[in-house]
Amino acid sequence: MKIATWNVNSIRIRLEQVTEWLTHNAVDVLCLQETKVIDAEFPRSPFEEMGYHLYLSGQKSYNGVAIISRQPLLDVTSGFRAILQDLPPEWDEQKRVITGVIDGIRIVNLYVPNGAAVGTEKYEYKLRWLTVLREYLRLLLLSQPDMCVCGDFNIAPEAKDIHEQVSTENHIMATETERQALRDILALGFADAFRKFTSEGGNYSWWDYRAAAFRRNLGWRIDHHYLTPILYERAKSCIIDAAPRKLTQPSDHVPVIVEF
DNA sequence: ATGGCACGGCTTCCGTGA
């Protein structure tokens, strides 16, 4: 089974690139982030005509996640409150979480908040969001121990996941506080699929649109798949496909594909 | 130290992203 994650930065702008990519990359599941469209306006038919099922949790202008799957998914829910019922409703106003089960494997598709800058209210929200995510995943694991948690994490786990050894202490996506919050989640029993196969730095999934960052390979690895032990053992590959970043009018992120 | 580019929208600037 192949599961891909891709922050497309507007599915309507990227529609042709995504369907073209799917034609040449026959993944079983494609997890999208930043679809930036309400569900009623999501361009469903190109995917349905290719034989895929769609599961959507979108909103106007911002955020938005979707799972596109060759097989129907079971037990599909969106938002934290499907699992954490006591959470205040405002936690699901931003559409950042959708999950479903395929072949006994629970797939969780995430768009972690960016956090803006250290010291801002958005940064504090990101940290609170990650503590809620930990509890969400802890409960999901109780009913389904085989899980693939993927998406745009907006955190570079290690220095080698960033293009230059900038003083990252106060850089969003690289602070020790964010990295520790991620490690606290992974301590539930998840491992980074990409690092099973590749230990070198210089492998990135996002490049800033500005300053010719892609041409100069000034990137970050912030899009990840985290696997529970049995899936991690079974994993056969985890590949970043940088090719779509070379196209005209690309997303700033590229697809990452795990196979097990 | 700063800005740079791209997206959506009550669109011709602004909020947001990372």
Side-chain angles (χ1 to χ4, degrees), chain A residues 5-18 21 31-43 56-66 90 93-97 109-130 133 150-179 181-182 194 201-224 240 242 244-256:
Chain A
T5 179
W6 193 359
N7 179 324
V8 291
N9 186 14
S10 171
I11 187 59
R12 288 179 290 189
I13 294 289
R14 229 66 65 195
L15 179 59
E16 282 190 30
Q17 291 186 19
V18 174
W21 186 85
C31 294
L32 302 179
Q33 304 88 36
E34 282 206 90
T35 53
K36 294 188 172 180
V37 65
I38 61 173
D39 296 348
E41 293 176 15
F42 193 101
L56 310 175
S57 181
Q59 67 183 90
K60 193 167 65 173
S61 305
Y62 305 115
N63 311 312
V65 285
E90 52 265 31
E93 286 173 5
Q94 298 181 24
K95 306 306 183 191
R96 298 178 176 277
V97 180
N109 176 18
L110 301 175
Y111 176 44
V112 176
N114 162 275
V118 178
T120 63
E121 176 54 38
K122 288 195 171 98
Y123 179 72
E124 297 303 320
Y125 177 74
K126 180 180 193 176
L127 297 176
R128 288 200 305 277
W129 197 94
L130 290 167
L133 174 63
C150 64
D152 176 0
F153 282 77
N154 272 320
I155 299 172
E158 300 179 88
K160 66 183 177 184
D161 297 312
I162 308 174
H163 61 86
E164 54 191 351
Q165 310 313 312
V166 289
S167 61
T168 57
E169 269 173 49
N170 275 319
H171 196 301
I172 195 66
M173 304 190 292
T175 65
E176 180 53 26
T177 307
E178 290 164 88
R179 288 172 170 169
L182 177 57
F194 186 78
N203 295 284
Y204 309 127
S205 64
W206 172 82
W207 297 260
D208 200 310
Y209 283 122
R210 298 166 293 187
F214 181 67
R215 182 176 57 73
R216 298 157 64 199
N217 198 25
L218 304 180
W220 295 55
R221 192 177 71 89
I222 55 177
D223 301 272
H224 313 140
I240 300 172
R245 192 66 175 79
K246 301 172 185 168
L247 299 172
T248 304
Q249 202 177 20
S251 171
D252 43 355
H253 298 250
V254 295
V256 187

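Chain letters run A, B, ... following the sequence lines, proteins first and then strands; every chain starts at 1.
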Check this for me: does any side-chain nitrogen of one of A:Arg14 and A:Glu34 sit under 4.0 Å from a carboxylate oxygen of the other?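 Result for this pair is no, no salt bridge flagged.
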Value in whole Å for how far the C1' atom of B:dT16 lies from CD1 of A:Ile172: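 Atom CD1 in A:Ile172 sits about 13 Å away from atom C1' in B:dT16.
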Sugar-phosphate, base or nothing in reach of A:Asp223, heavy atoms under 4.0 Å: nothing
Between B:dA18 atom C1' and A:Glu178 atom CD, what is the distance in whole Å?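 Rounded to the whole Å, the gap is 11 Å.
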When you look at A:Thr175 and A:Tyr123, which way does the side chain to side chain donor-acceptor pair (under 3.5 Å) test go after all the steps? CA-CA 11 Å; A:Thr175 65; A:Tyr123 179 72; 3.0 Å; yes
Within this structure, what is the CG-to-P distance between A:Asp252 and B:dT16, rounded to whole angstrom?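 Distance check: A:Asp252 CG to B:dT16 P gives 17 Å.
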Separation between CG of A:Asn154 and CG of A:Leu182, rounded to the nearest 0.5 Å: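 Reported to 0.5 Å precision, the distance equals 11.5 Å.
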Could you tell me how far apart A:Gln33 (CD) and B:dG17 (C1') are, to the nearest whole angstrom?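 In whole Å, B:dG17 C1' lies 14 Å from A:Gln33 CD.
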Would you please confirm or rule out a distance under 4.0 Å between OP1 or OP2 of B:dA18 and any side-chain N or O of A:His253? yes
Given the C1' atoms of B:dA18 and B:dT2, what is the spacing between them in whole Å?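 16 Å, rounded to whole Å.
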When the C1' atoms of B:dT16 and B:dG4 are considered, how many whole Å apart are they? 16 Å
Tell me whether the NZ or CZ atom of A:Arg96 lies within the 45° cone about the ring axis of A:Tyr111 and under 6.0 Å from its centre. yes
Classify A:Tyr111 by what it touches in the nucleic acid, base, sugar-phosphate, or nothing, heavy-atom distance under 4.0 Å.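 Touches sugar-phosphate only.
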Assign the ring pair A:His253 / A:Trp206 to parallel, tilted or perpendicular, where the plane angle (0 to 90°) is split at 30° and 60°.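 Rings of A:His253 and A:Trp206: tilted, 30 to 60°.
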Counting any heavy atom closer than 4.0 Å, what does A:Asn63 reach on the DNA or RNA strands: base, sugar-phosphate only, or nothing? nothing
Between A:Glu41 and A:Lys60, is there a side-chain N and carboxylate O pair less than 4.0 Å apart?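 No, no charged N to carboxylate O under 4.0 Å.
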Between B:dG3 and B:dC14, how far is it from one P atom to the other, in whole Å?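 Per the computed distance, 15 Å lies between those P atoms.
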Between B:dG17 atom P and A:Tyr123 atom OH, what is the distance in whole Å? 15 Å
Could you encode protein contacts along nucleotides 2-11 of chain B as a string, one character per nucleotide from 5' to 3', using B for base contact, S for sugar-phosphate-only contact and - for no contact, with a heavy-atom cut-off of under 4.0 Å? --BBSSSSS-
What distance, rounded to whole Å, do you find between the two C1' atoms, one in B:dA6 and one in B:dA1?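 It works out to 23 Å between them.
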